[in-house]
Protein chains: 2
Amino acid sequence: MTQKGITLKDVAAAANVSRATAARALNSYGYVGDETALRVVEAAEKLGYRANLVAQALRSGQLPIVGFVPGDIQNPFFARIAHDIEVELRKHRHNLLIASSEENVEQEKELLESLRSLSIRGFILAPTSATDSEHIVQLVREGAPVVLIDRVVKELHCDSVVVDNEGGAGEAVDYLVANGHQRIGLLRDESRIFTAQERLAGYQNSLQSHGIALDESLISVSRSTVEHAVDATIRLFSRRNRPTALFTVDSLMTQGALLGLRSMGLSIPHDVSLVGFDDFNLATFTDPQITVVAQPISEIGPLAAKLLLERLAGKKIAPRHIRFPTRLIVRGSVARFSRR
Amino acid sequence: MTQKGITLKDVAAAANVSRATAARALNSYGYVGDETALRVVEAAEKLGYRANLVAQALRSGQLPIVGFVPGDIQNPFFARIAHDIEVELRKHRHNLLIASSEENVEQEKELLESLRSLSIRGFILAPTSATDSEHIVQLVREGAPVVLIDRVVKELHCDSVVVDNEGGAGEAVDYLVANGHQRIGLLRDESRIFTAQERLAGYQNSLQSHGIALDESLISVSRSTVEHAVDATIRLFSRRNRPTALFTVDSLMTQGALLGLRSMGLSIPHDVSLVGFDDFNLATFTDPQITVVAQPISEIGPLAAKLLLERLAGKKIAPRHIRFPTRLIVRGSVARFSRR
DNA sequence: GGCCACTGTGAGATCGATCTCACATCCGGA
DNA sequence: TCCGGATGTGAGATCGATCTCACAGTGGCC
């Protein structure tokens with residue numbers, strides 16, 4: 001019903017040769033007479049023969065499929081990366097199977113389990129947890145090619161492509177300090193995630209290097225969704241001695257902050273200065289436009305795909321850990337702070 | 001290297017039975033002694049046996065994978081749908097393989113070809129072209145389960161899930177007319193795409209029903225990207241007798257219009273009123289917020305997945321064509337027009 | 001007592017592509 | 001003239017799970 005079912009056998013019969021010879025002719029290996037080869041190729045064409053990849057996979061043990069497990073495919077960051085990976089894989093006749101972990105470790109484990117029994121060739125993975133990673137370690141130990149993106153897992157010997165979260169966050173805070181801010185709020189997500197930890201560290205380091213004491217009450221934690229970030233923002237700015245500036249650790253939280261501040265009647269940058277991590281299309285549509293730390297998002301996917309394809313091709317070298325620099329894009333959401 | 005390689009044979013050996021019996025015990029069919037079954041299950045567990053899906057697929061002719069071919073995963077509309085489909089499929093132990101056509105018919109053809117040789121079970125497809133569809137017709141004719149979303153192809157006998165584009169566009173234009181607008185511009189993408197045609201028709205019908213003559217010079221065509229839409233907007237509003245209101249056919253074009261109008265110093269809704277098709281998160285971040293025709297996006301993916309799964313389960317009924325209504329969300333981007 | 005239905009199990013075939021091995025030819029050089 | 005290597009081709013095995021068929025017990029019933 002599903003497959004028309006023109007198999008190699010049919011082609012061989014049509015060309016009056018054995019299956020072995022037909023295979024040789026079509027895949028050009030071994031000895032085949034010119035005339036025979038031609039006959040086979042023509043028969044294949046006439047019948048519309050397409051090799052059954054599943055059968056090939058059974059022999060070779062591998063399907064031409066790569067699994068991508070992002071935190072959330074709806075996040076434009078991952079959607080972009082998925083797209084780029086797919087383009088790269090297509091060049092090598094591989095397909096991309098996307099299974100979103102929804103930032104849930106248990107789901108991540110289940111997904112990897114199920115992808116493994118599919119004989120998938122390799123994995124590109126944004127691990128949900130920086131610590132609960134035994135399942136990934138196991139995967140790598142068994143020899144499955146794995147490339148980590150966006151986030152890294154300690155003690156894991158595989159390629160990774162990440163961004164300089166600490167440096168980027170530091171640069172953002174430096175910029176706020178340079179504009180006279182001292183009470184700088186931080187809106188961040190749960191620390192389980194690797195990037196959150198690094199960005200927090202960047203924030204702390206920057207403050208410290210400027211001799212500004214860390215004030216825990218300026219840090220607000222929430223889940224990484226627009227809705228939760230709105231609440232966290234309101235909480236943060238409802239206290240008496242509120243921050244004069246805010247740094248948000250990802251684009252969803254930046255959006256939440258924007259909405260939260262607006263609902264409180266606080267204007268940017270007059271009342272509050274704002275810098276967000278991760279550029280997003282919305283940032284240039286607001287008034288004022290939002291100053292952000294941009295990630296080189298267009299490079300992450302293609303590079304991750306390339307690293308993985310090299311592994312698939314059998315490259316045996318030490319794991320490579322690529323870390324891209326970030327870039328501060330100054331727009332209009334930061335104002336100089338002067339004691340009022 | 002990739003698979004540890006515990007096969008049914010190993011389990012059978014460990015349990016001291018034949019492969020056939022082991023299979024019976026694990027899949028519970030046919031006759032197996034209670035004790036034997038227990039022994040097999042225990043052996044399987046101890047060895048950590050997982051059935052090789054590729055081998056199963058070779059026999060059954062089908063992998064537990066569904067292919068999704070959207071116009072572009074980076075489009076939040078499709079990203080959301082992809083996510084919803086995936087969730088639905090996961091409940092039935094199926095995986096989702098995403099291959100973006102990038103709105104290119106040739107690429108769409110190639111992708112479908114390559115997915116077919118993968119023995120994929122079914123397809124959810126947003127066809128790039130309303131007319132060049134022989135390849136899809138062919139697919140359906142061969143019995144492959146196909147569900148079309150967002151767009152429909154004429155003369156194609158398969159399930160589809162779309163939105164009332166014509167009605168939605170009509171409602172948007174009605175609303176503008178009700179606010180006193182007569183010179184209503186249209187920013188639309190290439191007509192090859194089904195939704196574009198329908199939305200254009202809605203625009204035309206609405207004007208006609210209000211006795212407003214169609215003015216071709218008020219219609220601007222561009223590719224559906226923010227950048228192209230910016231240019232098209234500027235072109236449209238540079239002419240002497242410019243529109244007092246604008247209707248944009250998708251969210252990318254709405255964004256382009258926003259940027260284009262801003263760059264020309266035209267303010268919304270003072271100088272130009274705006275209604276867009278398709279709600280998008282940015283719409284509530286702008287000032288004023290944008291009035292849009294919203295699609296019930298959260299229902300499309302799950303329904304498409306359900307229809308497909310029913311087909312996979314063997315349901316043999318006439319193709320179902322679901323068309324969801326749209327909803328006008330009035331925000332602040334439309335002002336009453338009074339002759340100045 | 002004998003026959004049949006029901007249970008339980010294993011040998012081998014099957015899915016489709018590919019690979020190994022064996023068997024033919026054919027040719028040139030010794 | 002004979003031999004070894006280079007060519008060309010096919011039969012059959014293989015990958016792993018599953019299914020068909022055959023076979024062997026066991027029990028019940030006439």
Side-chain angles (χ1 to χ4, degrees), chain A residues 1-41 43-44 47-65 93 114 116-121, chain B residues 1-41 43-44 47-65 93 114 116-121:
Chain A
M1 168 96 15
T2 299
Q3 280 290 93
K4 240 191 322 199
I6 304 137
T7 73
L8 187 61
K9 208 163 117 188
D10 302 326
V11 175
N16 246 317
V17 295
S18 69
R19 281 150 37 239
T21 302
R24 275 189 284 256
L26 292 174
N27 303 330
S28 34
Y29 70 92
Y31 292 109
V32 200
D34 293 351
E35 215 169 304
T36 316
L38 191 65
R39 236 179 32 247
V40 171
V41 171
L47 295 176
Y49 169 74
R50 301 209 97 224
N52 181 328
L53 294 184
V54 172
Q56 292 181 328
L58 179 59
R59 278 211 112 240
S60 68
Q62 301 184 322
L63 276 170
I65 296 182
R93 319 201 136 279
S114 104
R116 274 172 46 179
S117 48
L118 254 182
S119 310
I120 284 216
R121 292 203 65 188
Chain B
M1 167 94 18
T2 300
Q3 281 290 91
K4 242 192 317 199
I6 303 137
T7 74
L8 186 62
K9 209 164 117 188
D10 303 325
V11 175
N16 247 317
V17 295
S18 71
R19 281 153 35 243
T21 301
R24 275 189 282 255
L26 293 173
N27 303 331
S28 34
Y29 71 92
Y31 292 109
V32 200
D34 293 351
E35 213 168 309
T36 318
L38 191 66
R39 232 175 39 242
V40 171
V41 171
L47 294 176
Y49 169 74
R50 299 210 99 223
N52 182 328
L53 295 183
V54 172
Q56 292 181 329
L58 178 58
R59 278 211 110 237
S60 69
Q62 301 184 322
L63 274 171
I65 295 181
R93 320 200 135 281
S114 104
R116 274 172 46 179
S117 49
L118 253 183
S119 310
I120 284 217
R121 292 204 65 188

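All chains are named by letter (A, B, ...) in the order of the sequence lines, taking the proteins before the strands, and each is independently numbered beginning at 1.
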Starting from [atom2] on [N], measure out to [atom1] on [X] and report it in whole angstrom.
X       : N      : atom1 : atom2 : answer
B:Asn16 : C:dG8  : CG    : C1'   : 16 Å
A:Arg19 : C:dG16 : CZ    : P     : 11 Å
B:Lys9  : D:dT18 : NZ    : P     : 16 Å
A:Asn52 : C:dT14 : CG    : P     : 18 Å
B:Asp34 : C:dT9  : CG    : C1'   : 14 Å
A:Leu53 : D:dC15 : CG    : C1'   : 16 Å

Nearest 0.5 Å, please: how far is [atom2] in [Y] from [atom1] in [X]?
X        : Y        : atom1 : atom2 : value
A:Ser117 : B:Gln56  : OG    : CD    : 8.5 Å
A:Ile65  : B:Leu118 : CD1   : CG    : 5.0 Å
B:Arg24  : B:Tyr31  : CZ    : OH    : 11.5 Å
B:Leu58  : A:Leu53  : CG    : CG    : 12.0 Å
B:Arg121 : B:Gln62  : CZ    : CD    : 4.5 Å
A:Asn52  : A:Leu8   : CG    : CG    : 11.0 Å

Pick the closest DNA chain C nucleotide for B:Gly30 and for A:Ala55 by heavy atoms, then say which residue is nearer the 5' end.
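Nearest-nucleotide comparison on DNA chain C picks B:Gly30.
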
Please figure out whether B:Leu58 or B:Arg39 has its closest DNA chain C nucleotide nearer the 5' end.
B:Arg39

Would you say a side-chain N or O of [X] is under 4.0 Å from OP1 or OP2 of [N]?
X       : N      : answer
A:Tyr49 : C:dA17 : yes
B:Ser60 : D:dA17 : no
A:Ser18 : D:dG10 : yes
B:Asn27 : D:dT18 : yes
B:Tyr29 : D:dC19 : yes
A:Gln56 : C:dT18 : yes
A:Thr36 : D:dG8  : no
A:Tyr31 : D:dT9  : no

B:Arg59 has a side chain; which of C:dG12, C:dA17, C:dC15 sits nearest to it?
C:dC15

Would you indicate which nucleotide in C:dT9, D:dT9, D:dG16 comes nearest to any side-chain atom of A:Thr21?
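It is D:dT9.
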
Distance-only donor-acceptor test, A:Arg24 side-chain atoms vs C:dT18 base atoms, 3.5 Å
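There is none.
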
Students often get this wrong, so: under 4.0 angstrom with heavy atoms, is A:Val17 touching a base, only sugar-phosphate, or nothing?
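Result for A:Val17 = sugar-phosphate.
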
Which part of the nucleic acid, if any, lies within contact of A:Ala51, taking any heavy atom under 4.0 Å across all strands shown: a base, the sugar-phosphate backbone alone, or nothing?
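Sugar-phosphate only.
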
